[in-house]
Amino acid sequence: MAPLSCGAREHPRSSAVTRSVRVRFAPSPTGMLHIGGARTALFNWAYARRHGGQFLLRIEDTDPERSTREYERAILEGLRWLGLDWDEGPDVGGPHGPYRQSERFERYRVVARELLDSGRAYLCFCSAERLDEVRKGQEERKERIAYDRRCMALDPAQAKARVDAGEKAVVRFKTPAGQTRFLDHIRGDVSFENAEVDDWVMLRSDGSPTYNFCVVVDDVDMRISHVFRGEEHLVNTPKQVLLYRALGFDAPEFGHLPLMLGSDGKKLSKRTGDTALQDYRDAGYPRDAVVNFLCLQGWALDGATEVFGVKELVERFEIKDVQKAGAIFDLDKFRWLAGEYVRRMTPEALSDACAPFVVAANLASADELAARRAWFVEAVKSEQARIHVYSELPPRIAYLFQPDDAVVWADDALAAVRKHANAAQTVRDYREWLAPRIERGIDAADLRESSKKWAQEKGLKLPAFFQPVRLALCGVVQGADMFDVMALLGPEHVLARLERGAARLAS
RNA sequence: GGCCCCAUCGUCUAGCCCGGCCUAGGACACCAGGUUUUCAUCCUGGCGACAGGGGUUCAAAUCCCCUUGGGGUCACCA
């Protein structure tokens with residue numbers, strides 16, 4: 001049988017899609033959904049939606065030690081949060097299930113038996129100790145590190161008898177001679193010498209299957225047409241292609257996505273930043289900003305448009321347009337993009353999104369915020385231009401929730417105010433002037449004009465007026481429009497804070 | 001170290017596959033200026049890259065080769 005794509009020279013095109021598109025995302029539930037995994041899922045999903053195909057979810061939980069249902073739930077929840085939906089999966093079922101590898105072990109055993117019977121695989125009785133020795137020797141001699149095939153020479157019938165008698169053995173794939181090449185939709189023609197491919201383990205001595213084996217069996221059973229995954233899997237591909245061939249199937253088409261890298265240029269790890277999607281969700285990155293940013297890691301809509309959504313992604317996504325080189329995760333740009341989304345939201349929507357963060361910061365209860373919704377929306381509006389992620393809001397509006405006699409003054413703010421002569425007197429005078437004017441409520445626009453005029457008539461430079469007053473009201477000297485702040489605070493609190501502030505400045 | 005992949009501003013990228021329109025475009029960051037009571041937003045401008053070397057060609061960021069650099073991977077993990 002000829003290698004699937006041998007001789008094909010040109011870069012694969014979208015027109016190469018001849019069979020129905022079925023792609024999958026196959027996470028291992030051994031941790032939270034990784035941000036890179038989220039992008040892999042997003043691109044697979046986009047490809048399916050773009051080509052009218054199916055997107056399926058498969059749980060790779062062959063390692064019982066590390067896999068948990070908790071993580072599985074969290075991963076599904078993360079994908080849903082991103083707005084991805086799947087046509088087949090462990091929760092929704094489908095015609096090619098089960099979609100959890102732990103529920104497919106019998107299937108793997110059957111396939112392994114077939115491979116053993118057809119001579120494409122063999123039993124290996126080598127102990128872990130011997131394997132270590134072999135490896136060590138190869139390392140010392142600077143040889144290629146691989147199984148030395150000692151058990152390949154065993155008579156299959158005798159080997160089977162030993163296993164039947166209870167002896168432990170693994171099943172190894174018998175890598176044929178030759179060369180394996182495949183067409184990668186992102187990288188083009190990729191080839192490996194089979195001599196470089198190890199006789200890898202398909203079934204462990206306890207009968208459980210390994211990753212490369214399950215993936216192929218499942219992808220065949222689930223009629224997967226395209227496999228788009230991270231570049232770290234590129235070296236697994238020849239093993240898998242060879243297995244497809246041994247099984248008598250055509251391999252699917254591949255596409256290896258560039259890695260998402262940390263600031264150190266290495267594969268994103270916990271060392272270099274938050275790697276779990278959940279971390280960004282917890283920090284209050286808008287959902288659509290996360291999706292948008294993930295798109296930008298390795299792909300571009302048109303080279304000019306930075307802010308766009310899934311609609312544009314699905315309309316324009318081409319796997320061949322994905323960048324080959326790894327992308328360093330740029331938190332600055334991510335934050336900027338999040339800010340773009342925050343700014344485009346309606347104040348009402350932003351308030352709803354921020355409310356849980358305000359509650360979590362213990363500024364107010366959810367009920368309190370709901371009861372004063374109009375007010376809260378105004379408070380959020382006052383900071384909308386200043387925040388990038390939801391969690392940045394609470395500290396910025398904390399002053400609104402503090403008691404009038406316990407407004408926290410920032411050190412640098414106090415220092416700035418101290419530079420103005422008679423700051424305490426200014427606050428006192430302003431309070432006196434202000435009191436009768438806000439008895440019936442605060443009109444921010446009106447007050448803005450009249451207060452500036454008052455300051456000018458008093459011969460005060462504007463900062464000498466604004467900074468002390470703002471310090472008394474908010475505890476800082478920069479931030480939202482001061483008259484909007486006063487409207488938010490209300491006459492009583494404004495007057496109380498000005499009085500306290502003047503006294504505190506005088507002492 | 002073996003094998004595989006990759007290489008455009010500090011970063012994300014457009015252009016590359018199908019050489020000329022590229023005195024290489026956009027965005028983030030940074031710097032400067034404007035707007036603002038301040039901060040932020042917003043607006044204007046600036047800085048800044050085809051890793052190096054050979055080919056091929058009338059012409060190369062674009063095609064080929066080498067070097068260098070970076071990454072991935074070398075499990076009875078996935």
Side-chain angles (χ1 to χ4, degrees), chain A residues 10-13 26-30 60-63 65-67 101 124 126 128 131-132 135 138-139 142-146 168-172 184 186-188 190-193 195-198 200-206 208-212 214-215 230-238 256 258-259 261 263 265-267 293 296-307 320-321 323-337 339 343 383-388 396 413 416 448 451-452 455 461-467 469-470 476-483:
Chain A
E10 73 285 1
H11 203 57
R13 306 243 166 192
S28 181
T30 55
E60 311 223 318
D61 56 351
T62 55
D63 184 348
E65 296 286 303
R66 301 194 300 144
S67 302
Q101 292 184 331
C124 169
C126 292
L131 259 21
D132 281 343
R135 226 188 321 265
Q138 287 166 338
E139 244 165 61
K142 297 197 169 162
E143 288 172 7
R144 183 178 67 98
I145 293 166
K168 291 284 182 201
V170 301
V171 178
R172 286 186 185 274
D184 185 294
I186 295 170
R187 279 150 226 285
V190 180
S191 68
F192 289 81
E193 292 299 328
E196 296 294 334
V197 181
D198 199 2
W200 51 283
V201 171
M202 302 190 320
L203 245 41
R204 301 188 187 94
S205 51
D206 65 357
S208 67
T210 63
Y211 168 77
N212 284 112
C214 299
V215 166
E231 197 196 337
E232 72 266 29
H233 289 295
L234 194 57
V235 292
N236 286 322
T237 310
H256 288 90
L259 256 20
L261 312 170
S263 47
K266 296 196 199 315
K267 205 161 86 166
F293 184 70
L296 257 16
Q297 294 280 291
W299 188 73
L301 184 66
D302 55 15
T305 311
E306 307 284 336
V307 183
K320 74 170 176 61
D321 292 335
Q323 187 91 1
K324 291 198 261 282
I328 291 174
F329 191 87
D330 185 354
L331 207 54
D332 277 335
K333 187 158 182 175
F334 195 7
R335 214 173 87 88
W336 163 79
L337 193 59
R343 246 151 271 132
E383 290 293 342
Q384 185 162 13
R386 262 166 292 268
I387 64 172
H388 302 85
R396 302 201 66 94
R448 188 148 39 230
S451 295
K452 278 189 203 172
K461 286 242 163 51
L462 255 16
F465 161 63
F466 277 98
Q467 291 191 347
V469 174
R470 189 190 283 276
V476 293
V477 289
Q478 40 86 313
D481 177 90
M482 204 176 79
F483 302 97

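Note on naming: letters A, B, ... go to the chains in the order of the sequence lines (proteins, then strands), and numbering restarts at 1 for each one.
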Original post:
With sugar-phosphate meaning primed atoms plus P, OP1 and OP2, does A/H233 contact a base, only sugar-phosphate, or nothing at under 4.0 Å between heavy atoms?
Top reply: base

Original post:
With a 4.0 Å cut-off on heavy atoms, is A/S208 in touch with a base, just the backbone sugar-phosphate, or nothing at all?
Top reply: nothing

**OP:** Return the value, rounded to whole Å, for the distance between atom CD of A/E232 and atom P of B/G71.
**Re:** 15 Å

Subject >> Base-pairing mate for B/G20 - Watson-Crick or G-U, with both contacts under 3.5 Å >> reply: B/C58

Original post:
Can you tell me how far C1' in B/G69 sits from the matching atom in B/G33, rounded to whole Å?
Top reply: 40 Å

Subject >> Reported NZ-to-CZ distance for the pair A/K452 and A/F466, which is rounded to 0.5 angstrom >> reply: 5.5 Å

Can you check nucleotides 19-25 of chain B for protein contacts, nitrogen or oxygen pairs under 3.5 Å, and list what you find?
from: B/G25; atom 1: N2; to: A/G303; atom 2: O; distance (Å): 2.7

Subject >> Protein-nucleotide distance (A/F465, atom CZ; B/U36, atom C1'), rounded to Å >> reply: 15 Å

Original post:
Base, sugar-phosphate, or nothing for A/D198, non-hydrogen atoms under 4.0 angstrom?
Top reply: nothing

Original post:
Is there a donor and acceptor pair closer than 3.5 Å between the side chain of A/K324 and the base of B/C6?
Top reply: no

**OP:** Supply the atom-to-atom distance A/I186 CD1 to A/W299 CH2, rounded to the nearest 0.5 angstrom.
**Re:** 13.0 Å

Subject >> Whole-Å distance separating the CG atom of A/D332 from the P atom of B/C31 >> reply: 12 Å

**OP:** Looking at every strand, decide which applies to A/T62 at a 4.0 Å heavy-atom threshold: base, sugar-phosphate, or nothing.
**Re:** sugar-phosphate

Original post:
Nearest to the side chain of A/R135, which nucleotide is it out of B/U13, B/A75, B/C6?
Top reply: B/A75

Original post:
Between A/F192 and A/I328, which is nearer to the 5' end of RNA chain B once each is assigned its nearest nucleotide?
Top reply: A/F192

**OP:** Using a heavy-atom cut-off of under 4.0 Å over every strand shown, decide if A/E65 touches base, sugar-phosphate, or nothing.
**Re:** nothing

Subject >> Check: A/N236 side chain, A/N212 main-chain N or O, donor-acceptor pair, under 3.5 Å >> reply: no

Subject >> Heavy-atom closest contact (A/I387 atom, A/R343 atom, distance) >> reply: O-NH2, 3.6 Å

Subject >> Protein-nucleotide distance (A/H256, atom NE2; B/A78, atom P), rounded to Å >> reply: 17 Å

Original post:
For the base of B/G26, is there a side-chain donor-acceptor partner from A/E306 under 3.5 Å away?
Top reply: yes

Subject >> Atom P, compared across B/U73 and B/C17: separation rounded to whole Å >> reply: 31 Å

Subject >> Heavy-atom donor-acceptor pair, A/S205 side chain to A/K168 backbone, under 3.5 Å >> reply: no

Original post:
Which parts of nucleotides 39-46 of chain B does protein reach within less than 4.0 Å, heavy atoms only, written one letter per nucleotide 5' to 3' as B for base, S for sugar-phosphate only and - for none?
Top reply: BBSS----

**OP:** Could you please name the option among B/G2, B/A7, B/U37 that lies closest to any side-chain atom of A/E196?
**Re:** B/G2

Original post:
With a non-hydrogen cut-off below 4.0 angstrom, is A/V170 in contact with a base, only sugar-phosphate, or nothing?
Top reply: base

**OP:** Determine the contact category for A/K461: base if any of its heavy atoms lies under 4.0 Å from a base atom, sugar-phosphate if only primed atoms, P, OP1 or OP2 are that close, otherwise nothing.
**Re:** nothing

**OP:** Let me know the distance between NZ of A/K333 and P of B/G26, rounded to the nearest Å.
**Re:** 13 Å

Original post:
Separation of A/R172 atom CZ from B/A75 atom C1', in whole Å?
Top reply: 10 Å

Subject >> Parallel, tilted or perpendicular: ring planes of A/F334 versus A/F329, cut at 30 and 60 degrees >> reply: perpendicular

**OP:** Look up atom CZ in A/R448 and atom CG in A/D481, then write down how far apart they are to the nearest 0.5 Å.
**Re:** 4.0 Å

Subject >> Contact summary for A/Q467 and A/V477, nearest pair of heavy atoms >> reply: O-CG1, 3.9 Å

**OP:** Describe the nucleic acid contact of A/S205 in one word from base, sugar-phosphate, nothing, applying a heavy-atom distance below 4.0 Å.
**Re:** base

Original post:
Salt bridge or not for A/R135 and A/D132, using N-O below 4.0 Å?
Top reply: yes

Original post:
Is there a Watson-Crick or G-U wobble partner for B/G1 with both distances under 3.5 Å, and which nucleotide is it?
Top reply: B/C74

Original post:
Looking across every strand, which nucleic acid part, if any, lies under 4.0 Å from A/G298 by heavy atom: base, sugar-phosphate, or nothing?
Top reply: sugar-phosphate

**OP:** Can you see which heavy atom on A/H233 is nearest to which on A/T237, and at what distance?
**Re:** O-OG1, 3.1 Å

Original post:
Taking the P atom of each, how far is B/G48 from B/U41, in whole Å?
Top reply: 25 Å

Original post:
Expressed as a whole number of Å, how far does the P atom of B/C63 sit from that of B/C6?
Top reply: 12 Å

Original post:
Between atom CD of A/E232 and atom CG of A/L259, what is the distance when rounded to the nearest 0.5 Å?
Top reply: 5.0 Å

Subject >> Any strand: nucleotide that pairs with B/U37 via Watson-Crick or wobble, under 3.5 Å >> reply: none

**OP:** Return the value, rounded to whole Å, for the distance between atom CG of A/N212 and atom C1' of B/A75.
**Re:** 11 Å

Original post:
Checking all strands, does A/R448 fall into the base, sugar-phosphate, or nothing category for heavy-atom contacts under 4.0 angstrom?
Top reply: nothing

Original post:
For A/D63, which contact category applies under a 4.0 Å heavy-atom criterion: base, sugar-phosphate, or nothing?
Top reply: sugar-phosphate

**OP:** Give the rounded distance in Å between these two atoms: CD of A/E139 and P of B/G2.
**Re:** 14 Å

**OP:** Would you name the heavy atoms of A/A480 and A/R470 that are closest together and state the gap between them?
**Re:** O-NH1, 2.7 Å

